2 protein chains.
Amino acid sequence: MRVTEPTSLGNDLLRSAARLSRWASRHASFDVPFAQARLLALLDELGPSRVSTLAAADHSSQPSITTQLHRLEAAGWVERAVDPDDARASLVSLTPAGKDALEDVRRARVAVLAPALDGLDGPALVRVRMAIDVLDELLAAAAEPPSHPTRKDG
Amino acid sequence: MRVTEPTSLGNDLLRSAARLSRWASRHASFDVPFAQARLLALLDELGPSRVSTLAAADHSSQPSITTQLHRLEAAGWVERAVDPDDARASLVSLTPAGKDALEDVRRARVAVLAPALDGLDGPALVRVRMAIDVLDELLAAAAEPPSHPTRKDG
DNA sequence: TGGACATGCATAGATTATCTATGTAATTTG
DNA sequence: CAAATTACATAGATAATCTATGCATGTCCA
């Protein structure tokens, strides 16, 4: 039994993660578009941040963040302040309305998975938590600049 | 310790799955656009299928599938045959070129996670496989019409 | 057997999400 | 201080998706 054969493993993991994400984004009902919700969550995690910091944390381009921020700003969900240390940069932070919007999104996302999670017993919930940890660890490992590179290219 | 508290669990799971997916789609280098790759994989799994079957399996709308199929067809990766049982319907299937393209995508996706997976030992790989199973089970449970409803609304 | 309704797919039109390339203003450096 | 760098914005393109709707084929029944 080579169920853990690395070759299929990466493929299977990405496929399953993508499917779950796709299903949730289709069935969770909240008004906030997906990318904006993602950015709200990121801002909540990081606190007031620069545009470029958000882009790096989101693994997206700086112009993508700029565009989304304009929408969030128009909705009154974020506000900008000039970075006191650098007049080129701005510090973006959530407004109270932004936090409310984020809470709405979270409730909707919890609700969409609740039917599946509610039937689970303790051990099953532990398995879910472990799965989350695996995803996070893999992403951290993958996104991290390789610490002990094989230097197959200089 | 309520690390398995269901409320945060759904949220955390969706967030982690979405982040991993996003990261992979940004870093995996293959020419095939994401949605087309997804459809190729689905066709490979299901074999010759109707448009509406693909839409249901992909949890997407029928017009979305139609659009993607047009592109796949233009690329020579799928072909259509009229369903002998129903002249309205078509049966879509992968061409050999389509299977080749799918293999390329798979290789690229494996490669993007390989640096993170290669460093893992046996038990860690088992954990990854378990995480995949959790994702699949949750999606199946969530997408399934509830089999034993609590009938809190009638 | 023929009309009414249902079904399978295509098209139209709009929105969101994203990228690369480039421009502008502020900062740092030699 | 001029040149290079950095932080962000803008331009322009493409992909992915949805809802609404149109057209052809199938089914059902009086």
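In this text the structure is predicted, and so the values were computed from the model without any measurement. Chain naming here is simple, since letters A, B, ... match the order of the sequence lines and numbering starts at 1 in each. The figures that follow rest on heavy atoms only: side chains count, while hydrogens, waters and symmetry mates do not.
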In whole angstrom, what separates [X]'s [atom1] from [N]'s [atom2]?
X	N	atom1	atom2	answer
Leu91(A)	dC8(D)	CG	C1'	13 Å
His70(B)	dG8(C)	NE2	P	17 Å
Gln36(A)	dT15(C)	CD	P	14 Å
Leu72(B)	dA10(C)	CG	P	13 Å
Phe30(A)	dT16(C)	CZ	C1'	13 Å

**Request:** Please list all pairs passing the salt bridge (charged side-chain N to carboxylate O under 4.0 Å, His left out) test where one or both residues lie in residues 57-69 of chain B, with sequence neighbours left out.
**Result:**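 Every salt bridge (charged side-chain N to carboxylate O under 4.0 Å, His left out) pair that includes a residue of residues 57-69 of chain B, provided the two are not neighbours, is Arg22(A)-Asp58(B), Arg38(B)-Asp58(B).
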
**Prompt:** Under 4.0 Å: is that the gap between some side-chain N or O of Arg80(B) and OP1 or OP2 of dG8(C)?
**Reply:**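 It does not, given that no N or O in the side chain of Arg80(B) lies less than 4.0 Å from OP1 or OP2 of dG8(C).
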
**Asked** Is Thr66(B) near enough to dA10(C) that one of its side-chain N or O atoms lies under 4.0 angstrom from OP1 or OP2?
**Response**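 The answer is yes; a side-chain N or O of Thr66(B) sits under 4.0 Å from OP1 or OP2.
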
**Message:** Can you build the contact string for nucleotides 18-30 of chain C? Use B for base contact, S for sugar-phosphate-only contact, and - for no protein heavy atom under 4.0 Å.
**Reply:** BBBB----BS---

**Asked** Between Thr66(B) and Gln62(B), do the side chains contain an N or O donor and an N or O acceptor separated by less than 3.5 Å?
**Response**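 Gln62(B) and Thr66(B) do have a side-chain donor-acceptor pair below 3.5 Å.
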
Anything under 3.5 Å between a donor and an acceptor, one on a side chain of residues 49-57 of chain B, the other on a protein residue two or more places apart or in another chain? List them.
unit_1: Ser49(B); atom_1: OG; unit_2: Gly47(B); atom_2: O; d: 2.5
unit_1: Arg50(B); atom_1: NE; unit_2: Asp83(B); atom_2: OD2; d: 3.0
unit_1: Arg50(B); atom_1: NH2; unit_2: Asp83(B); atom_2: OD2; d: 2.9

**Asked** When you measure from every atom of DNA chain C, which of residues 44-53 of chain A have a heavy atom less than 4.0 Å away?
**Response**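 Listed by number, there are none.
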
**Prompt:** Do Leu13(B) and Leu135(B) pass the side-chain contact (heavy atoms from CB on, under 4.5 Å) test, and can you show the C-alpha distance, the side-chain angles, and the key distance before you say yes or no?
**Reply:** CA-CA 9 Å; Leu13(B) 180 62; Leu135(B) 296 181; 3.7 Å; yes

**Request:** List for me each residue that meets ring pair (Phe, Tyr, Trp, His ring centres under 6.0 Å) alongside His27(A), sequence neighbours excluded, and say none if there are none.
**Result:**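 Listed in chain order: Trp23(A).
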
**Prompt:** Are Asp12(A) and Arg129(B) ion-paired here, with the side-chain N under 4.0 Å from a carboxylate O?
**Reply:**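 Arg129(B) and Asp12(A): salt-bridged.
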
**Message:** Once salt bridge (Lys or Arg N to Asp or Glu O under 4.0 Å) is applied, do any residues pair with Glu79(B), and if so which ones, sequence neighbours excluded?
**Reply:**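 Glu79(B): no salt bridge (Lys or Arg N to Asp or Glu O under 4.0 Å) contacts found.
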
**Request:** Output yes when a side-chain donor or acceptor of Ser90(A) lies under 3.5 Å from a complementary backbone atom of Val82(A), and no otherwise.
**Result:**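 No, Ser90(A) side chain to Val82(A) backbone: no donor-acceptor pair under 3.5 Å.
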
